[in-house]
Number of protein chains: 4
Amino acid sequence: MPNKTAPDSTRRSERSRRAILDAALELVAESGFAKLTIEAIAARAGVGKQTIYRWWPSKAAVLFEACVPDGGDPRAVELPDTGDIEADLKTVLRATVDELNDPRLAAPTRALAAESQSDQDLAAMLTERVLEPQLQAYVRRFEAAQEAGQIAEGIDLRIALELLVGPLFHRWMTRTLPVTHAYAETVADLALRGLRPR
Amino acid sequence: MPNKTAPDSTRRSERSRRAILDAALELVAESGFAKLTIEAIAARAGVGKQTIYRWWPSKAAVLFEACVPDGGDPRAVELPDTGDIEADLKTVLRATVDELNDPRLAAPTRALAAESQSDQDLAAMLTERVLEPQLQAYVRRFEAAQEAGQIAEGIDLRIALELLVGPLFHRWMTRTLPVTHAYAETVADLALRGLRPR
Amino acid sequence: MPNKTAPDSTRRSERSRRAILDAALELVAESGFAKLTIEAIAARAGVGKQTIYRWWPSKAAVLFEACVPDGGDPRAVELPDTGDIEADLKTVLRATVDELNDPRLAAPTRALAAESQSDQDLAAMLTERVLEPQLQAYVRRFEAAQEAGQIAEGIDLRIALELLVGPLFHRWMTRTLPVTHAYAETVADLALRGLRPR
Amino acid sequence: MPNKTAPDSTRRSERSRRAILDAALELVAESGFAKLTIEAIAARAGVGKQTIYRWWPSKAAVLFEACVPDGGDPRAVELPDTGDIEADLKTVLRATVDELNDPRLAAPTRALAAESQSDQDLAAMLTERVLEPQLQAYVRRFEAAQEAGQIAEGIDLRIALELLVGPLFHRWMTRTLPVTHAYAETVADLALRGLRPR
DNA sequence: CGTTAATCGAGACGGTACGTCGCGTCTTCCC
DNA sequence: GGGAAGACGCGACGTACCGTCTCGATTAACG
């Protein structure tokens with residue numbers, strides 16, 4: 001067992017917590033994650049460094065909590081279901097494209113994605129709290145479509161979803177070409193051609 | 001004109017260059033990119049720090065050169081063409097899967113991918129020297145398949161390739177599930193169902 | 001008037017007071033005054049930090065109280081008077097030498113002496129409660145000796161005492177040579193040669 | 001053997017060394033040794049902290065070097081010898097009194113004296129480089145006086161000197177009474193009464 | 001003999017300084 | 001002029017304590 005006794009979270013200062021998260025978001029927006037420092041966050045938040053080290057293991061963890069409001073039921077993530085799988089997917093993908101292109105979200109998200117390559121704990125949190133809930137929502141929507149006969153029997157829906165999401169992710173990460181609504185729709189068309197019965 | 005006179009590369013010590021690249025690879029393998037430092041590279045290589053700073057703009061650039069042997073014609077990258085697009089793609093993807101799972105390659109590659117999110121120059125080099133040559137090879141192979149009637153007319157082949165490569169890349173980066181030969185083949189099957197005529 | 005209402009000493013916990021003083025002595029013995037911290041005293045004593053800050057102005061004050069049991073009448077300090085000033089002084093000086101060499105007393109005493117160079121309040125307490133009562137006892141004994149004709153008329157007895165005590169103190173502080181009984185006796189002999197009539 | 005390779009003192013920056021020593025003296029004069037910090041010295045001197053840590057083991061060592069100009073032959077310290085031991089001693093003691101009362105010298109000297117109670121290395125340097133050379137000079141002067149018949153045979157001159165110096169030191173350290181020329185002269189008179197033949 | 005207000009243990013907080021690491025620049029001496 | 005070596009100014013790290021500040025939970029004098 002670790003000899004470092006955990007701090008008492010009931011006595012935690014919510015005021016400081018918010019100030020730290022806000023400061024982190026501001027500073028990332030201003031100068032990027034690479035130039036983000038714990039000292040700067042503490043200074044901007046009007047907080048002692050120890051208060052950050054007490055509650056977060058790394059600056060990435062701070063940023064994560066600032067971006068992902070820590071909340072609620074992962075089941076809450078749900079895709080629309082109008083009965084038309086193609087229309088629903090395109091709706092969702094367009095929204096996703098907009099988020100990927102939103103400059104306020106893009107910087108921290110890219111930073112977290114990059115950082116999670118070397119930070120195991122961060123990677124686990126991202127997967128568990130953000131990525132998987134969304135991917136599971138795709139799986140559930142595909143299950144409904146499969147029952148409705150819009151997706152061929154016997155297809156691994158986990159892979160089906162990746163056929164859709166993978167290309168978007170690839171373009172966004174590699175920045176080879178812009179991630180547009182048109183691109184998302186073409187991907188959806190091609191993927192669904194592969195997934196439909198017959 | 002820049003006030004920093006460029007070093008004279010004719011007098012460069014090849015011996016030092018190699019020692020630096022080797023040291024960088026060793027150190028990344030031992031402790032990961034996050035703990036890689038210029039000072040450690042210089043010490044391990046038995047080289048002055050200045051010799052690194054003189055020839056490379058960043059530690060990422062050193063690692064890049066160590067991984068990508070600076071090689072010749074990008075056209076050299078070529079996919080097999082047996083006439084059977086499905087077989088050829090599966091051959092290539094299996095090889096790709098093996099590379100992605102090779103622990104010696106994985107660490108530096110992941111590091112460069114992550115770093116390129118914040119390092120513009122590195123991103124440009126990676127795209128230009130590694131990524132695009134490979135993607136263009138896919139495009140050329142798809143063009144041949146399209147002419148042979150194995151891919152439907154009117155399909156954007158750039159997107160076609162991303163349908164194939166994107167899912168692999170997604171799994172590898174997010175580490176949600178293992179990247180296996182079976183996975184690659186299923187992806188190829190589904191993607192080709194979407195790309196074939198009819 | 002001060003805005004800080006003085007604590008009510010009638011409600012003070014004697015149990016905590018003792019635990020703090022004991023902890024301070026233990027910790028000084030273990031690691032020296034320089035490494036002594038309020039936090040460590042509180043932890044060792046099983047006491048809140050505030051309980052220390054409430055009752056003592058500094059860690060030096062804690063240690064002082066631990067060493068000097070806050071005792072009664074300063075007049076209580078009295079030198080022996082057998083009528084033979086030389087014998088009496090040597091008796092006292094031998095005891096003093098033993099105290100100076102006692103390792104349990106030496107560490108805290110040296111610490112307080114050192115600290116009092118920069119801590120005015122501590123210096124005042126040490127002088128008033130420890131040093132002066134002892135020096136006054138010497139003065140009173142010398143007065144008796146002077147009346148008995150063992151000390152020349154007209155000699156400033158305050159200085160006489162310093163002739164005796166100063167050398168001991170000098171050796172002890174500077175650690176140039178060991179402070180022994182023999183040394184004390186030689187000092188007493190030489191000093192008394194200077195002080196006696198004729 | 002220590003694993004910390006010693007820095008190469010031939011490449012040391014004399015400019016930085018002087019700036020550090022000057023800054024230390026200034027800061028001690030302004031706020032006292034207790035408030036002196038390595039960071040403040042570095043900042044005032046326009047120097048990196050590491051440059052201080054590289055060359056000195058503690059802030060006390062910095063101050064010591066600033067006060068004791070590191071120099072020359074300890075034999076250089078010599079007391080006057082007019083043939084009259086009493087006159088010579090009083091001359092020297094008056095000068096000593098003036099130094100002890102000089103506010104510029106007093107602060108750092110007191111600090112070093114206090115610090116040497118807990119810092120073994122500093123204590124050794126002070127003894128070896130400052131204290132002993134001076135005490136030895138007294139011993140040599142007393143030897144001459146003894147040969148001249150002004151000091152009784154058989155007296156331990158090391159103790160003789162402490163009879164003189166001890167009282168001054170005691171008053172100065174304890175601040176019980178002011179250290180004046182008159183005091184020094186009375187001490188010299190009484191001590192010499194004890195030391196002279198017969 | 002119960003009330004109640006101060007003290008208590010505990011420890012989070014905003015800070016300051018610590019001593020270390022690594023950066024990128026610079027200087028020196030060697031080949 | 002390149003290279004090995006490493007001192008330098010600098011900035012950030014993560015830790016240790018400071019002295020102050022809340023929190024219940026005793027606890028002891030007083031009503």
D:Thr51 side-chain N/O to F:dA7 phosphate OP1/OP2 under 4.0 Å:
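Checking F:dA7 against D:Thr51, no side-chain N or O comes under 4.0 Å of OP1 or OP2.
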For F:dG2, does either OP1 or OP2 sit under 4.0 Å from a side-chain N or O belonging to B:Trp55?
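For F:dG2, OP1/OP2 do not have a side-chain N/O of B:Trp55 under 4.0 Å.
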Contact nearer the 5' end of DNA chain F, comparing D:Arg54 with B:Pro7
B:Pro7
Tell me whether A:Arg12 contacts the main-chain N or O of A:Arg17 through its side chain, where contact means a donor paired with an acceptor under 3.5 Å.
no
Value rounded to 0.5 Å, distance of [atom1] in [X] from [atom2] in [Y]:
| X | Y | atom1 | atom2 | answer |
| --- | --- | --- | --- | --- |
| C:Ile20 | C:Trp56 | CD1 | CH2 | 4.0 Å |
| C:Asp22 | C:Ile41 | CG | CD1 | 11.5 Å |
| A:Arg44 | A:Glu26 | CZ | CD | 5.0 Å |
| B:Leu112 | B:Cys67 | CG | SG | 5.5 Å |

Please report the C-alpha distance between B:Lys49 and B:Arg54 in whole Å, then the side-chain angles of each, then the deciding distance to 0.1 Å, and finally whether the side chain to side chain contact (heavy atoms under 4.5 Å, CB included) criterion is met.
CA-CA 9 Å; B:Lys49 285 196 287 176; B:Arg54 183 152 33 229; over 6 Å; no
Where along nucleotides 24-31 of chain F does protein come under 4.0 Å, by heavy atom, of base (B) or sugar-phosphate alone (S), with - for untouched nucleotides?
---BBS--
Residues, nucleotides or ligands: over 12 heavy atoms within 6.0 Å of D:Arg104 CZ
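Atom CZ in D:Arg104 is not packed in, count stays at 12 or less.
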Base F:dC21 to side chain C:Gln50, donor-acceptor N/O within 3.5 Å cut-off:
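Side chain to base: pair found, below 3.5 Å.
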Report yes if a donor N or O on one partner sits less than 3.5 Å from an acceptor N or O on the other, where the partners are the side chain of B:Lys49 and the base of E:dG24; otherwise report no.
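Such a pair exists between side chain and base.
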Rounding to a whole Å, what distance do you find between [X]:[atom1] and [N]:[atom2]?
| X | N | atom1 | atom2 | result |
| --- | --- | --- | --- | --- |
| B:Tyr53 | F:dA4 | OH | C1' | 15 Å |
| B:Lys59 | E:dG22 | NZ | P | 10 Å |
| B:Ile52 | E:dT25 | CD1 | P | 13 Å |
| D:Trp56 | E:dG19 | CH2 | P | 15 Å |

Closest nucleotide of DNA chain E for C:Ala43 versus for C:Ser9: which of these residues is on the 5' side?
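Residue closer to the 5' terminus by nearest nucleotide: C:Ser9.
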Looking at DNA chain F, which of residues 14-42 of chain D put a heavy atom within less than 4.0 Å of it?
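Output list: D:Ser16.
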For C:Ala60, enumerate each residue passing the side chain to side chain contact (heavy atoms under 4.5 Å, CB included) test, keeping only those at least two apart in sequence or located in another chain.
C:Phe33, C:Ser58, C:Glu115, C:Asp119, C:Leu122
Under 4.5 Å between any side-chain heavy atoms of A:Leu63 and A:Leu25, yes or no?
yes
